[in-house]
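Encoded as structure tokens, the structure appears first; notes follow it.
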Amino acid sequence: MRNTLAIMQRELLSLFYSPIGYVVIAGFLVLTGVIMWRGESFGPGKPASLRDVFAFAPYLLTIVVPAICMRSLSEEYRSGTFESLITAAVSDAQLVLGKYLAAMVFYTVMLAGTLVYLLLMMAYGSPDLGVAAASYLGLLLVGSMFASFGILASSLTRDQMVAWILGAVPMMLLVWFAAAIVVELQGGLRMFVQTINIRRYLDLFYQGLVTLEGVVFFLATTALFLFLSIKVVESRRWR
Amino acid sequence: MIEVRELSKFYGSFRAVENLTFSVGEGEVVGFLGPNGAGKTTTFRVLTCYHPATSGTASVAGHDVFADSMRARQQVGYLPESVPLYPEMRVREYLRFRGKLRGLDRPARERRIGEVAQRCWIREVIDRPIGQLSKGYRQRVGLADALLHNPRVLILDEPTVGLDPVQIRETGELIRELAANHTVMLSSHILPQVEATCQRMIIIHQGRIVAQGTLAELQQQTGQPPRVSVMLQGPEKDVLAAARSLPGVSEAQAAARDGWTHVTLSARPDVGEALLALCGAKGWKVRELRHEELRLEEIFVRCIMAQPDAAEPRSRSAEPRRKEKPKEKAHA
């Protein structure tokens with residue numbers, strides 16, 4: 001536990017020291033800000049909700065979250081610090097969990113930036129805070145899934161750019177195209193794509209429904225990806 | 001303190017080390033020598049539990065590196081060859097982080113950071129980002145990190161590479177001081193320094209031990225008797241005859257140069273006293289008397305050249321292209 005926290009702290013420090021951290025946060029806030037503004041949520045007679053921002057967020061997150069995670073393990077491999085961590089009695093699991101927690105803290109800070117929109121909205125209207133809370137929970141969970149997948153991608157390569165592509169492209173397929181693909185499919189494959197269609201789960205959260213199905217899906221995928229990352233890290237030392 | 005028995009490590013079918021057996025006693029400083037790619041780093045990585053051996057056993061401070069790996073790791077301070085550090089962190093931040101990983105609580109951490117910073121001469125850079133430090137300072141930060149948790153065993157992979165001559169000497173002195181409380185195993189290509197620092201050497205070549213022992217033992221193993229050379233004034237023939245008559249002299253040669261006779265004797269160093277007494281009796285002036293011991297460098301080169309395929313670069317032996325592979329992977 002102590003080691004996990006130490007790894008997390010160090011990773012956060014590096015994220016906030018490096019330009020990547022700020023570029024990612026700024027990019028995310030600028031784009032969601034534009035959506036907020038162009039989405040005309042502030043128009044008279046429009047429903048007071050962050051619907052537009054929430055609907056757009058998963059698309060953006062497929063790009064942003066892998067960027068947060070891409071250096072996590074790749075950079076340790078590349079610079080050789082992986083060796084000094086392992087030989088300092090850090091276990092593979094502690095390393096992976098520390099990286100994941102750091103990514104989640106960073107992501108949460110970034111997401112918290114959008115609370116400003118909600119506050120603005122509260123100044124001029126009365127948004128449904130229950131729905132907003134459920135939506136944020138949904139975004140946190142989807143971020144957790146993306147982050148664990150990003151860490152898995154990073155555990156596979158010492159090249160940050162490759163790690164980003166490996167982490168982003170499958171998630172893009174899932175978020176951008178799953179809904180379009182699913183109508184073309186038949187039988188078992190259709191069932192499968194339907195099951196992993198993230199948007200389906202997220203939409204429930206956006207309606208204010210925190211379902212067991214949704215929570216379990218995101219937590220289970222997170223656990224799976226983290227488990228696989230630990231195994232990948234472990235296998236690197238056996239070769 | 002370090003026990004290695006029949007240790008082998010293969011990367012695929014490439015033999016990195018094979019059948020290594022050696023031990024390092026408590027408080028010893030042992031030099032681990034060999035040409036590049038001989039398997040030194042591979043051996044260190046097994047000892048530090050970075051990767052498991054293919055066969056054989058190794059234990060550090062009584063803990064098996066495989067079965068009891070976490071406890072073995074806690075006993076070892078390791079300075080990897082490439083001195084990996086986080087360039088964006090400040091030295092103090094980095095050492096705090098490492099202290100946490102080593103399980104030091106806050107007061108102990110701060111105290112140890114102060115101590116190792118003083119020991120390794122990094123106090124003046126302690127608040128600077130590591131990325132801005134020179135190679136010499138980075139090396140010392142790596143050394144400070146290895147010492148941080150006061151480990152019983154120190155494994156230093158080329159601790160002096162990239163340092164200037166003054167720093168090399170300082171580091172050598174530091175390592176000798178450390179031997180009082182730590183068992184040290186180090187690798188280096190700067191053999192005179194190894195000779196001055198280490199009590200014992202293990203020489204490996206192509207993954208196998210080719211010689212080990214103290215300097216004196218190694219000198220003996222190479223089979224060349226020690227030599228004594230004298231520079232004196234006296235008739236060449238008389239000198240030679242007199243020298244040959246001394247006890248323990250197996251061979252003598254003489255040559256006259258610039259009015260001085262240079263004599264080289266194959267004999268134990270204690271022939272010196274007899275020789276000086278002889279010169280006194282004969283009234284020959286002596287300018288110089290010197291023991292010509294075989295230096296470590298010479299021993300090292302002979303050990304390596306004595307191997308059957310020594311002249312060939314290792315990459316041309318059995319597995320040509322494989323050579324780069326483990327290195328790349330290891331860094332990955």
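Chain letters run A, B, ... following the sequence lines, proteins first and then strands; every chain starts at 1. These numbers come from a predicted model, not from an experiment.
Neither the backbone nor the side chain of B:L79 comes within contact range of chain A, judged by heavy atoms closer than 4.5 Å. Looking at A:S91, both its backbone and its side chain come within 4.5 Å of chain B, counting heavy atoms on both sides. B:R96 does not touch chain A: none of its heavy atoms, backbone or side chain, sits under 4.5 Å away. Residue contact with chain B, scored on non-hydrogen atoms closer than 4.5 Å, involves the backbone and the side chain of A:L85 alike. If you measure heavy-atom distances from A:Q9 to chain B, the contacts under 4.5 Å come from the side chain alone. With a threshold of 4.5 angstrom between heavy atoms, A:L13 approaches chain B through side-chain atoms but not through N, CA, C or O.
Taking the six-membered ring wherever Trp is involved, the centroid distance between the rings of A:F106 and A:F16 falls below 6.0 Å. Here A:F54 and A:Y136 bring their ring centres to under 6.0 angstrom of each other.
Of the listed residues (B:T48, B:V76, B:L101, B:V83), the greatest number of heavy-atom pairs within a distance under 4.5 Å of chain A belongs to B:L101. Residue with the most contacts toward chain A among B:H149, B:R71, B:R102: B:R102 (heavy-atom pairs, distance under 4.5 Å).
A salt bridge does not link B:E81 with B:K40: every distance from a Lys NZ or Arg NE/NH1/NH2 to an Asp or Glu carboxylate oxygen is 4.0 Å or more.
Inspection of the B:S8 and B:N19 side chains reveals no N or O donor paired with an N or O acceptor under 3.5 Å. There is a side-chain donor-acceptor pair under 3.5 Å between B:Y78 and A:E83.
A donor-acceptor distance shorter than 3.5 angstrom exists from the side chain of A:S155 to the backbone of A:L152, with no hydrogens or angles considered.
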